[in-house]
Amino acid sequence: MAHLDLSEVADAFAAGIPSIIGQVDQLVRAIPPGSVTTYGDLAKSLGDSAASRWVATYLLDPACGVADLSHRVVRSTGEIGLHCSGSSETKTQLLRGEGVVINRGTIDLETHRLQLPPMVASLSKLKAWQRDFACPGEQAFHLSNVKSIGGIDVSYGKEQAISACARMQADGQTKIGTHTCTGEAKFPYITGYLAFREIPLHLHLLAEMQAAGKLPDVLLVDGNGRLHPRRMGIATMLGGLTGIPTIGVAKKLICGVVQAPELKVGKWEPIIASQDAPDEILGYAIMPHTKTKHPIYVSRGFGIDDTSMKEVVDRCLAGHRLPEPIYWADRESRQLASTR
DNA sequence: GCGACAG
DNA sequence: ATCTTGTCGC
């Protein structure tokens, strides 16, 4: 895998990501006066009803591309809901002006709801990409071969995003150095699709590190790996794309159930897919130190087994909630982001 | 009505 | 993730 040109990988990956915002704008512009749709219907049309929250967040932003038409999007209950102007009354007046009947703040969707066409090359495409993503053949992971451990994270400034990767010695505690890369995050944050927001910048950074001969032997990624609705979190994709063994480290649970009733410091507890599937271990929760009540959620990314994964993370735990490589990457990227 | 999902 | 004042604790 070392022969991969990460600069080419970066370009190819970015080229395959659709403009999800353009898709929503297009759908909203297609709603004629007198008709409405719902946040959930828009999300379904994009290919994933789980994106309805993002759709609502986007359309409630006065700076969104279709703020002048977003009054035509209401709640699935028929309630008018909020408006980007800040006033639901304004939304009501706009709709009434277009001939929509509103009783007690509610629209009869049977009458006014518009059938939206499915957007083929949208979230449905990315979802299929995640399901079908073929990771290259994985080499057996040998901790004894590890000379450096990396941690990678992104922070967001006013306009720019900064990806930072800290490199540590094999002890997981001694910092060698940090690399950073600045760019624009074009894809929005949608639960389940974090990879498409953050990986493009990560790949640019890793390409630079590759050119400098400074790629880490294993990489801790801020986010999940196998612990993901489709078992394809950002850590797994980033590893599969680069060939670098990866581990996902998240601060919140996205799915799955922690079996143990309580967590003890330093003890790894399995996270299962569900009570009905107790044999499917997606990852592990661990309380990283005494001073926090909040665990971290660790899952296999690419090119590593669960046992090695735990050994690597154990080496990296110190006085912070996050493993040292990610702690330093987070600190560095955040510091830079605050200036742009 | 309650619960809610990485960054 | 970011927006934000003071406040509690090591």
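Note that the coordinates shown come from a computational prediction; the quantities given were computed from them, not determined experimentally. The chains referred to below are lettered A, B, ... by the order of the sequence lines, with proteins before strands, and numbering in each begins at 1.
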- Item | Presence of salt bridge, A:K251 and A:D222, under 4.0 angstrom | yes
- Inspect the contact between A:R231 and A:E280 and indicate whether a charged nitrogen and a carboxylate oxygen are less than 4.0 angstrom apart. yes
Just the rounded figure in Å: distance from [atom2] of [N] to [atom1] of [X].
X: A:L282; N: B:dA6; atom1: CG; atom2: C1'; answer: 14 Å
X: A:R230; N: B:dA6; atom1: CZ; atom2: P; answer: 13 Å
X: A:Q160; N: C:dA1; atom1: CD; atom2: C1'; answer: 16 Å
X: A:I190; N: C:dA1; atom1: CD1; atom2: C1'; answer: 15 Å
X: A:D153; N: B:dA6; atom1: CG; atom2: C1'; answer: 11 Å
X: A:R231; N: B:dA6; atom1: CZ; atom2: P; answer: 15 Å
X: A:H202; N: B:dA6; atom1: NE2; atom2: C1'; answer: 12 Å
X: A:L322; N: C:dA1; atom1: CG; atom2: C1'; answer: 14 Å

Would you mind classifying the nucleic acid contact of [X] as base, sugar-phosphate or nothing, using non-hydrogen atoms under 4.0 angstrom?
X: A:G192; answer: base
X: A:D222; answer: sugar-phosphate
X: A:Y193; answer: base
X: A:L227; answer: nothing

- Message: Taking the six-membered ring for Trp, are A:W54 and A:Y193 closer than 6.0 Å centroid to centroid?
- Response: no
Among [options], find the nucleotide with the atom closest to the side chain of [X].
X: A:Y156; options: C:dA1, B:dC5, B:dA6; value: C:dA1
X: A:S155; options: B:dG7, B:dA6, C:dT2; value: C:dT2
X: A:K291; options: C:dC10, C:dT2, B:dA6; value: C:dC10

Between [N] and [X], is there an OP1 or OP2 to side-chain N/O distance shorter than 4.0 Å?
X: A:R334; N: C:dA1; value: yes
X: A:Y189; N: B:dA6; value: yes
X: A:K251; N: B:dA6; value: no

- Item | Pair A:S35, A:H112: side-chain N/O donor-acceptor within cut-off below 3.5 Å | no
- Query: Does NZ or CZ of A:R197 fall inside the cone over A:Y156's six-membered ring, less than 6.0 Å from its centre and within 45° of the axis?
  - Reply: yes
